[in-house]
A.B. asks: 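Take this structure, written in C-alpha cells, and hold onto it; I'll ask about it next.
Residue indices begin at 1 and follow the sequence shown. Please read all numbers here as calculations on a predicted model, not as lab measurements.
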Amino acid sequence: MIYGTIHQLKSKGFNVSQIATQLNVSRNRVYDYLSMDRTTFDQWDSKRQRKVRKLDPYREEILSWLQEYPTLKASQVEDWLRERYPNLQVGESTVRLYVRDLRKEHGIRRMTKERQYVAVQELPPGQQIQVDFGMVTLSHEDGSETRGRFIAFVLAHSRYKYVEWLDRPFKVADMVRCHENAFRFFGGRTRELVYDQDALVAVNENKGDLLLTESFQSYVSFRGFQVHLCRTRDPESKGKVERVVQYVKSNFVLGRSYHHLREWNQRCLEWLERTANYKKHDTTKKRPSEVHSLEKLHLHPISSPVSFETNLVSSVSRTVHKDNTIRYKGSRYSVPVGTYRHETPRIVYLHERTSGDALVIVDHETGEVLGEHPLASERGTLVQSPHHQHDLVKRKNDQTEDVYTLYENYSKAVV
C-alpha cells in the first residue's frame, strides 16, 4: 500500500520530492500521508472507499483502456464513454479527475511519443532564407510596459540575420516592407523563403497545394521566390530562425529599456552588427558577417524597391514572345531586346498600378523591372519604350565599320 511505502522511504532518508518522483504521486499527497498516523489513515481511507463516484461503474473498463493505451488522454476516455454509453451524463472535469486518480493509484504513466530529430545538412549559399515572428514585453524606464513585435530573417547558409520591430500587430503591407528591407540588408534574395503557416502568409495548405493570401501572393509573384511552409516550432525545417527569435529575446531585449520604435530599431541594427552577425556561430564556428560576404555573390539581385503597400495590385504571368513583347488586355508591351529566349520560355510578371495608369513588367527569375509602360487606351496597340528598340545609329555605324574593313587600305576607305 502506498501509505506504508511512503513512510518506509521517509525512514530511509528520502525527502518529499524524491518520494513523490519515485512513486509518481504529488508532493501534497506525500505530505498528507506523512502527517497521518496509521489509525488516522485507516479511518480516512475507509471513509474514502465508501464514497461512490459517478464513474465507478465503469472503473474496470476505463482502467483496461489506460493499461492497454498509456498515451490515452482524458478527452479520449470521455469520447469512448459517450460512444459506448450515449445516456451517460458526465462532465469533462469529472472524467479528467477520475482518469488522473486511476493513473496515480495504479502507477500508469501517460507515455508520450517523442519526435525524433536528425541533423540537417547545411544548405548551399543563396538557397534559403528562413522567416519567423516574435513577440515580447518591453519595459520602459518608468516601469510601464509595451508589447513589442518583430520579424526575423536569417540566411540559412551564413546565419546572417536581419530583425525589424513594430509596436502593433503586423499587416501584410508591413511584412512586404520588411522583406524589401531585409533583401537590401542582405544584398539580394534567395531562391526559397521558409515560413510557418502564419495567417499573413497562407490561407491553407491542403495535400501539398499551397494557397497564399492574395496580397502576399502578389508580392511573391513580383519577387519570384519560392515559398515553403512548415509546422510551427519545427527545428528540421526552420530551426535556424526559431533560434534567432529566442536569441533576440534573451540577448537583445533582456535588460534594455524601450523608449520609442525608431530608436529601438536602430539599437537592434547596431546589435546585429556588433553581436548577432559578428560573434562566431556555435554550429558553423564562423562569423556570419564573414560567410555572408561570400554568400552575397550567390543571391539573386533585386530591382529598385516598388511599393506594394499603395501602388501595385494585380499580378499575372506572361510569356515573352519572339518580338520581345508581352500581351496584356489585347495590347502588346515591349521588353528589352534579347529578353526572348528560344530554348526556354521567359516568364515575366505584370503588375498594374492601383491608379490604373501604368503596367510594371518584372522578370520572374531575377526580380528585375524590365519595363514600365502607360496602359494602352485601346486594344490592339503596341506600347513600346524607346529604350527597348534597337539602337539604329549604333547599328548603322557598326555596319559601316564592317564595310571599311573589307578594303585593303583602311585609311583611304574611311576618307
Side-chain angles (χ1 to χ4, degrees), residues 126 172-173 175-184 187-193 201 210-227 299-399:
V172 174
M175 189 174 179
V176 169
R177 185 190 66 254
C178 291
H179 274 67
E180 291 292 288
N181 293 341
F183 292 158
R184 289 195 294 273
R189 66 161 178 84
T190 54
R191 290 187 288 274
E192 178 185 67
L193 273 77
V201 177
L210 177 61
L211 182 60
L212 301 179
T213 61
E214 181 179 357
S215 300
F216 192 65
Q217 178 63 68
S218 177
Y219 178 67
V220 170
S221 301
F222 176 76
R223 281 302 179 209
F225 55 81
Q226 297 176 1
V227 171
L299 299 177
H300 292 260
I302 61 171
S303 59
S304 300
V306 177
S307 175
F308 275 77
E309 301 174 40
T310 55
N311 290 342
L312 299 181
V313 283
S314 62
S315 174
V316 294
S317 62
R318 289 291 187 272
T319 301
V320 177
H321 294 269
K322 61 183 179 181
D323 60 352
N324 288 290
T325 63
I326 57 94
R327 272 67 166 174
Y328 182 63
K329 293 186 177 180
S331 294
R332 293 179 297 155
Y333 297 84
S334 68
V335 292
V337 173
T339 303
Y340 170 77
R341 290 190 302 232
H342 175 70
E343 301 81 8
T344 56
R346 190 73 171 269
I347 305 298
V348 297
Y349 285 107
L350 312 181
H351 304 275
E352 187 176 329
R353 293 197 183 279
T354 54
S355 58
D357 62 354
L359 183 72
V360 181
I361 305 173
V362 182
D363 187 283
H364 164 65
E365 295 180 352
T366 65
E368 176 188 2
V369 176
L370 299 177
E372 183 172 341
H373 300 283
L375 285 172
S377 57
E378 57 183 44
R379 296 169 64 86
T381 304
L382 171 62
V383 183
Q384 190 172 40
S385 169
H387 301 292
H388 295 167
Q389 302 178 42
H390 290 288
D391 190 336
L392 299 182
V393 175
K394 181 177 183 300
R395 185 176 179 183
K396 180 179 178 180
N397 291 338
D398 290 342
Q399 291 175 343

A.B. asks: If you round to the nearest 0.5 Å, how far is CD1 of Ile361 from NE2 of His388?
C.D. replies: 7.0 Å
A.B. asks: How would you list, by chain and number, every residue that makes a side chain to side chain donor-acceptor pair (under 3.5 Å) with Arg332, sequence neighbours excluded?
C.D. replies: Asp323
A.B. asks: Under the rule for side chain to side chain contact (heavy atoms under 4.5 Å, CB included), what residues qualify as partners of Ala376, not counting sequence neighbours?
C.D. replies: Ser331, Tyr333, Thr381, Val383
A.B. asks: Could you tell me if the side chain of His387 sits less than 4.5 Å from the side chain of Pro336, heavy atoms only?
C.D. replies: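 Pro336 vs His387: side chains apart.
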A.B. asks: Considering only heavy atoms from C-beta outward, does the side chain of Lys329 approach that of Leu375 to under 4.5 Å?
C.D. replies: no
A.B. asks: Could you walk me through whether Ile326 and Thr319 pass side-chain contact (heavy atoms from CB on, under 4.5 Å), step by step?
C.D. replies: CA-CA 7 Å; Ile326 57 94; Thr319 301; over 6 Å; no
A.B. asks: Identify the two heavy atoms, one from Arg189 and one from Arg191, that lie closest to each other, and give their separation to 0.1 Å.
C.D. replies: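 Smallest interatomic distance, heavy atoms only, reads NH1-CA, 4.0 Å.
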A.B. asks: Could you check if a side-chain atom of Gln384 sits within less than 4.5 angstrom of a side-chain atom of Thr325, using non-hydrogen atoms only?
C.D. replies: no
A.B. asks: How would you list, by chain and number, every residue that makes a side chain to side chain donor-acceptor pair (under 3.5 Å) with Glu192, sequence neighbours excluded?
C.D. replies: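 Per chain and number, Glu192 pairs via side chain to side chain donor-acceptor pair (under 3.5 Å) with Gln128.
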A.B. asks: Please report the closest heavy-atom contact between Glu372 and Ala358, naming both atoms and the distance.
C.D. replies: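 Result for this residue pair: OE2-CB, 4.1 Å.
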A.B. asks: Can any side-chain N or O of Thr339 pair as donor or acceptor with the backbone N or O of Asn324 at less than 3.5 Å?
C.D. replies: no
A.B. asks: Hey, what's the ring geometry for Phe183 with Tyr219, parallel, tilted or perpendicular (30° and 60° as the breaks)?
C.D. replies: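 Aromatic pair Phe183/Tyr219 classed parallel.
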